[in-house]
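Have a look at the structure below before the remarks.
As the structure is a prediction and not an experimental result, all values here were calculated from the model. Below, chain A is the first sequence line, B the second, and so on; all start at residue 1.
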Amino acid sequence: MRLRSFLMLLSISVAVILLAVIWFFPSNDDFRVENPFWNGTKDMEALTPASPLSNLSDLPSSPVGSTLILIPYVNFTQAELEELQTFVTQGGTLVLADDFGFGNQILEYLGLQARFAGQALLDPLFNYKNKWFPKISHLTTSPITNNTESLILNHATCLTDVESDTVLASSSTFSFLDLNANETHDKNEPTGPLPVISRQSLGSSGQLLLIADTSIFINSMSTMGSNYAFIQNIVATTTSRLLIDQSHLPQSNLGQTKNLLADVRGFFSLPAGTIGLVVAALTITLIPIFGKKKISNERGE
Amino acid sequence: MKRLVICLSIITLVMMLSPYFSILAQHIYIPHQNPATAEDASDTTSLLLFYGNVFNLATLRQYLDAQNMLSELEWANIPDEIRYLVDRYNDLSQQLFTAMNNLEFILGKASALFSKNQFVEARQVLDSAEVAVRDTVMLLEDTETATDAMSDKLGVFTSIAGSELSLAYERLKGILERLRQIIDELDKLRQNLSDNPQIVINTFFYLTTLLEVSAPDIAYPGLPFIINGQVSSSDGIVERMVEVFLDDIQLADGTTRGQFSFQVIPPQQISTGKHDLDIVVTPQGHYSGTSQRLSIDISRLPIQLDIQLPRVSFFSNSVQIRGKVYQSGRALEDAEVQVTLKQVSTLTKTSGSGTFTTAVNMPFDLLLIGPQELTITVQPAEAWFSSLSVKRWVLNINAANLILMLVIFVSLGILIYSRVRARPSRVHQEIVMPRSMIQELAAIRLSTELKYESTSIRGRILSAYLDGLSVVEKVTGISMEPHITLREFLKISTPRLQRAVNSFTELTVMAEIALYSSHDLTPTIAGIAEQIAAAIKEEFTREAS
C-alpha cells in the first residue's frame, strides 16, 4: 500500500472512530434529556411523556393543555420572549425552574411582580444531608402538590414578591436566605418560611409555575423525597403536550458536535436527504465506469 | 507528498485532541451537586435553636402553634444516634404544651363558673386545676432534665464557652425558665381565684375539634358524589363552618352542627389518579380548627372500540377505517376519533349509534414494503369516560419505491460486474511475466544478441543476463522454458549453482529491473551486469578445468 493511500485511510478511520465515539458517548451536559448521569434529565424523559424542545419557535400553535418546562441558563432574545408570552397567554402552562439563571428576564417581560431571589436558600436543620439541600414540607393543597409530603431541593433560591395565596410550597421556619454568601445566618437575612414554588396566572387562561430550583428535575434528585410525585403532578395537569426546553441550557463542545451530527442524520432521514444520499452514492460509485467509457470514446475504441 | 503528510498529520492530531477542547471551553458553573456524594453534615446547634423557638411560642401561650412547630421536626436532618432521644424529647414537650393548655382551660372554666355564681362546681374545677398545675410542673422538670441529657449527647458540655452550641443551650435554658415562671403565674391565678372568686382571668387555651368523614374511594370527573361526616369538640357539639376541597379547588362549604352531608362534583378537567380530598373545619373562638385528608382515586370509565380496516394496502393512497365506540354495550355519541399514520392524521366524530367511517392518506416515504402503524385515538364527549388509543398495522406495498430501488440495485450490479471483470487481468500482470515478454525473451535468446547489443542500456543488461543464462543452462542442465519467469528459473537452478548463486541472483534482479522498472538505468548498471555475466562464465569455466 502506498504511503499516501495509507495516510488517507488512517485519517478517514480516525475521523469515523471519533464521530462514532461522539455519537455514542452519552451527553454529560446539565439538564439534558440525553444525559443519563446524575445531572441529566434522561430519567424524567423516560418516565414521563415529555418531549425535548430544541427551539422555542417550535412551541405548539394551540398551547391549551400543553406544558413547557423551562430551565433558563441562557439569555433570551426578544423573539423568544414573545414566543413564551404567546404560549402562556394562549393557555399554555409554563413551568419556570430557576435559581441563579435568567428566569427574572421572563418574569419582567411578562409583567409579573414575582422574582427569583438569586441568593442561596440554606436550611441547617430541615435538609437532606446538609444545608444546601433544603427539605420543603410546608405544602399547600393543590393538584401540583398532590401526594407530595416533602420536596428536596438542591442549591436552591427562593421567590420574592409573590402573593401568599399563590404560594404552593415554602421552606421551613429555620431556613434563611444567605444574602452575603457566608453560609451562616446573619441578623439582616430573611428567615423562613420562604416561598419556593408559586403558581401565577397570566391573562385569562395562562399559568406559570415558578420553582426556585432547577435541580428538582435531574436524575439524582427526581426520586428524592416526593419530588417524583411532584413531577408526576405536573405531567398529570398536562392534557396535551409536555415539553422540556433544551435551547436555554449551557452546552459543551461535545453536545454541540452531537447536535450537529443529529442534524446531519435528521437531514438524511428526510425523503429529499435520503434520495440525495442515494444519488450521491451512485454517482461516486459509477464515476469510474463513466470515466472509462469516456476515455474509450476518446481513443476511438 | 510532504505537504500532504504534514496536513494529514495536523488534521489527525487536531481530531484526536478535539474532545479535550471541551474542557478548555466548559460552560458556566451550574450550582448544584450530586446528592449521592454530598457531605452529610447535621447541625446540632440548629436543633437547640429550633427547640428554643418552639418553647418561645409556649411562653407566648401559643400552645397549638408550638405543637405544630414541634411536629415539623419529623422532616429535620437528625443523626440516627440521637433520633430516639429527640423523638422522646418531642413527646415530652407535646405533653407539656397540652398540660399547660389544659391548665388554662380549667382556670377559664372555673372563672366562668364563679361569674355565674356556681360556686360548688367552680370549687371542684379549681381542685382539678391544682392537680393540673402539679402535672405541668412535673412535666416541665422532666423536660429540663431531658434537655440536659440531650445537650450532653450533642456535646454542649464539652464545647467551648461562648461557642454557638453553648449559646443555643443557654438560650433554651432561659426560655424553659420563663416557662416555669408562667406556670407559677397560672398557679398564683388559681390561688387568687380561690381566695377571690370575683376575679375575671384571661386565659389562652384551645378546645380540640373532632372530625369524622366518609367518602367513596373512587370518583369520576363531572359525576357527583356524597361526603358524609360529623363535627364535634371536647365540650360538646357547636355550630361550625366546614369546607370541602379537592386538591386546592373548593367543591363545597357550609355551616353545620354535628352531622353534615355534601354533594360534590369533581371538575371535568381533573387528571386521573390519586387526589387529596380535604375536609376542613375552620377555627372558631377557643375551638381549634381541624381537617381530615382522604385519598380519593379519580378515574374515568373505560370504553371499548371495534375497528375494521384492511390488513394489506396494495399501491393504495389511503386506508379506509370503520368502527364503533361503546361503553358496557351503550353506544357513545359525538366521541372524537382521530386516526394517525406517521405525520398524517384525520379527525371524525361518532354518530348516534356510536359508529364512524374515515380514511387516512398514506404519507410519502421510501418504504418499499412493510407494516405501517395506524394510531386510532377516541376522545368521548363526556368527561367521565376515558379516552382510548389503539394501534393497528397495515402492510403497505409501495410501487414507486420498488422501481427506484430496482434501478439502484441494477446500477450497483453493473458496477460490481465491471469491477470483477477488470480485476483479474491486473493481478495477473503484477505476478506473472506477460506472455509477450516471455516471447520477447525467447526471441532475444533465439535470434541473437544483436537486438540488445546495441547502445541501449536495457539491451546491454538483458544481453548480459542472456549470457549468464546460457552458461547456467549449460552447467545445470535446466532450460529456460517460455512459461518460466526469471525468478522461477533462479529458484529452480539455485541448488545447482554453488558459488555462482549470488552473482546469478544479482544478474536476475538487474534483468527484472531492466524489464519492468520505470526507473532510469545508467550505463554503470549495464557495466556491472556485464561484469557479473563474465564472472559467472569464468567461475564455471574454472570449475570445469
Counting only non-hydrogen atoms closer than 4.5 Å, does F25(A) touch chain B with its backbone (N, CA, C, O), its side chain (CB onward), both, or neither? neither
Side chain from CB out, backbone as N, CA, C, O: work out which of these in D276(B) comes under 4.5 Å of a heavy atom of chain A, or both, or neither. both
Given the options L125(A), N130(A), D123(A), which has more heavy-atom pairs under 4.5 Å with chain B than any of the others? L125(A)
So which of I270(B), L246(B), I78(B), L73(B) has the largest heavy-atom pair count under 4.5 angstrom toward chain A? L73(B)
Chain B contact via I218(A) - which portion, at a heavy-atom distance below 4.5 Å: side chain
Spell out, as yes or no, whether a donor-acceptor pair under 3.5 Å connects the side chain of S172(A) to the backbone of F174(A). yes
Answer with yes or no whether the side chains of D29(A) and N35(A) bring together a donor and an acceptor at under 3.5 Å. no
Are N39(A) and D30(A) linked by a side-chain donor-acceptor pair shorter than 3.5 Å? yes
Name all residues meeting the ring pair (Phe, Tyr, Trp, His ring centres under 6.0 Å) criterion together with W38(A); count only those two or more places apart in sequence or in a different chain, and write none if there are none. H32(B)
Does any heavy atom of chain B fall under 4.5 Å from the side chain of H185(A), the backbone, both, or neither of them? neither
If I measure from the heavy atoms of chain A, does F245(B) come under 4.5 Å with its side chain, its backbone, both, or neither? neither
Under 4.5 Å from any heavy atom of chain A, what part of Q33(B) do you find: side chain, backbone, both or neither? both
Counting heavy-atom pairs under 4.5 Å to chain B, which of K131(A), M224(A), H138(A) comes out on top? H138(A)
Distance-only side-chain donor-acceptor flag, T141(A) / R293(B), under 3.5 Å: yes
Closest-packed option against chain B by number of heavy-atom pairs under 4.5 Å, given A236(A), G255(A), P124(A): P124(A)
Using heavy-atom distances under 4.5 Å, tell me whether Q256(A) contacts chain B through its side chain, its backbone, both, or neither. neither
In terms of heavy-atom pairs under 4.5 Å with chain A, which of A41(B), S295(B), P35(B) leads? P35(B)
So which part of A36(B) gets closer than 4.5 Å to some heavy atom of chain A, the side chain, the backbone, both or neither? backbone
Does the ring centre of F116(A) sit less than 6.0 Å away from the ring centre of F100(A)? no
For the residue pair R171(B) / N56(B), report whether a side-chain donor-acceptor contact shorter than 3.5 Å exists. no
As an exercise: rank T173(A), T237(A), T239(A), D99(A) by heavy-atom pairs under 4.5 Å with chain B and give me the winner. T173(A)
Any chance the side chains of T238(A) and T67(A) put a donor and an acceptor closer than 3.5 Å? yes
For residues S299(B) and T272(B), is any side-chain donor paired with an opposing acceptor at under 3.5 Å? no
